[in-house]
There are 2 protein chains.
Amino acid sequence: MSAAPSKRPLPQPVQALAAIPGPEVAARAARLRIRAGEHAGQTAGMAPGIVQGNVAILPADLAGDFLRFCHANPKPCPLLAATQPGDPRVPTLGDGIDLRTDVPRYRVWQDGVLVEEPTDIRDHWRDDLVGFVIGCSFSFEEALVADGLRLRHVEQGRNVSMYRTSIACNTAGRFAGPMVVSMRPFKPSDAIRAIQVTTRFPSVHGAPVHFGDPAQIGIMDIARPDYGDPVEILPGEVPVFWACGVTPQAVVAAVKPPFCITHAPGAMLITDLRNASLAVL
Amino acid sequence: MSAAPSKRPLPQPVQALAAIPGPEVAARAARLRIRAGEHAGQTAGMAPGIVQGNVAILPADLAGDFLRFCHANPKPCPLLAATQPGDPRVPTLGDGIDLRTDVPRYRVWQDGVLVEEPTDIRDHWRDDLVGFVIGCSFSFEEALVADGLRLRHVEQGRNVSMYRTSIACNTAGRFAGPMVVSMRPFKPSDAIRAIQVTTRFPSVHGAPVHFGDPAQIGIMDIARPDYGDPVEILPGEVPVFWACGVTPQAVVAAVKPPFCITHAPGAMLITDLRNASLAVL
């Protein structure tokens, strides 16, 4: 049984809290600007506190295998949502999200060839398309910084270093390939803390998959990442490697499906979910 | 309001569970054997599932500083219980525990000199003595093994390797000194899992304090531990270092108090607490 709502006014401090707009307000405003074509670039730093997602859109005849691939490889491919075929809405991630308009810039692929980079895919939409939204390291990086840890690539204004590894993903139908990892350097004591913090976020890659010797996971030259920028590792630091959301993109690219759409690198879908809501504790 | 107890018989599977003796039964039996002088050696492997503790017994005029030392250094000195002055009971760790008889073998120290190794200290007991019981790595090692991780020193029947480090403990009164750590070698992916598992057990040393390069914490020769036995580190493995309960013993030894009593190495106090009850989640 629920009590009738109290008519008494809230105490002043609670009133003050209620007056602070939540991060969802900024998220929706950012998404509307993106939808209107007013922002067509990277989303890093937009809508602080809010989950951003990698996007892949595939025809239904490939979508089942891709869904199985994500399920079989949850660390590189943490699936936040999959749409109904033909339906561009993602209600579990935010009221009113429309995958046809709400990503700042898309990449349209035909037979593995990049054919267009539009800011809107309403003209490309089909009744058989299934949209996938996959967790992104922005969420756990925010938690690391909030904990007092320093991210060198952020401080140096670079993209994180990413590498193809010798760790094979679990295969699902036509989808197969190596795990891609991102690397962040830390002192060992900070690395231990970073492992603890990211363990709380299994739906955005979770704990690292490796630290230390890059060759153990097939990385032959740490100074030459396969994606992103080189990031310096100082004396006394070790490289720490997390499974990376570039993995599903690389796997889709390798399959060369007749038709698919992804977000352009760094231009992510801004959701209504708070990063904090992804923490398992 | 509590309901009246049901008169209905328990379902059969619950009856079966209720009939299984808990690990506390074996713990109490082991403690009674120790009290009777029937077991005077190491306690490793006795009373599986049960917390064992390091013991230090100090005169009241030093006990305040030692308590502050433990509080200021919770990773090497996780205090499970401290007694009332003169009272050998530790009711929070087990009904009927008597610190004068329930440790298999003691070490009695005078001015820092080991003078006796009795199995019973009733003749040494004084009204001003305060007993301290400090968490021990046996508890988290059990959790590591239960998780499927392998402990080389256990498999090789050796004592864990322990080292004095360049990490200074926080000083409290006369108590000061370096942190002692224990080392277990793991592959990096297993080390990440070991960090997660031991994070759940902050009252028995918790997460590691370091991994990788021993020199970073002042260990100059990993093959020559300061306490315990050398343990092999295989190619592809890294040494992982946890704060160790030998720290408070080494600190007490350095102070050379006029009188104190400790457990003999490896001959721990068996409590009634389950290791699982120390997990924070």
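Proteins get letters first, then strands, A, B, ... in listed order; numbering begins at 1 in each. Keep in mind it's a predicted model, so treat the numbers as computed, not measured.
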State whether the number of non-hydrogen atoms from other residues, nucleotides or ligands found under 6.0 Å of R158(B) atom CZ is greater than 12.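 It does: R158(B) CZ has more than 12 such atoms within range.
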If you check every heavy atom in residues 199-232 of chain A against those of chain B, which residues fall under 4.5 Å?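 Checking residues 199-232 of chain A against chain B gives T199(A), A207(A), P208(A), V209(A), H210(A), F211(A), Q216(A).
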Counting only non-hydrogen atoms closer than 4.5 Å, does I195(B) touch chain A with its backbone (N, CA, C, O), its side chain (CB onward), both, or neither?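 For I195(B), side-chain heavy atoms alone lie under 4.5 Å from chain A.
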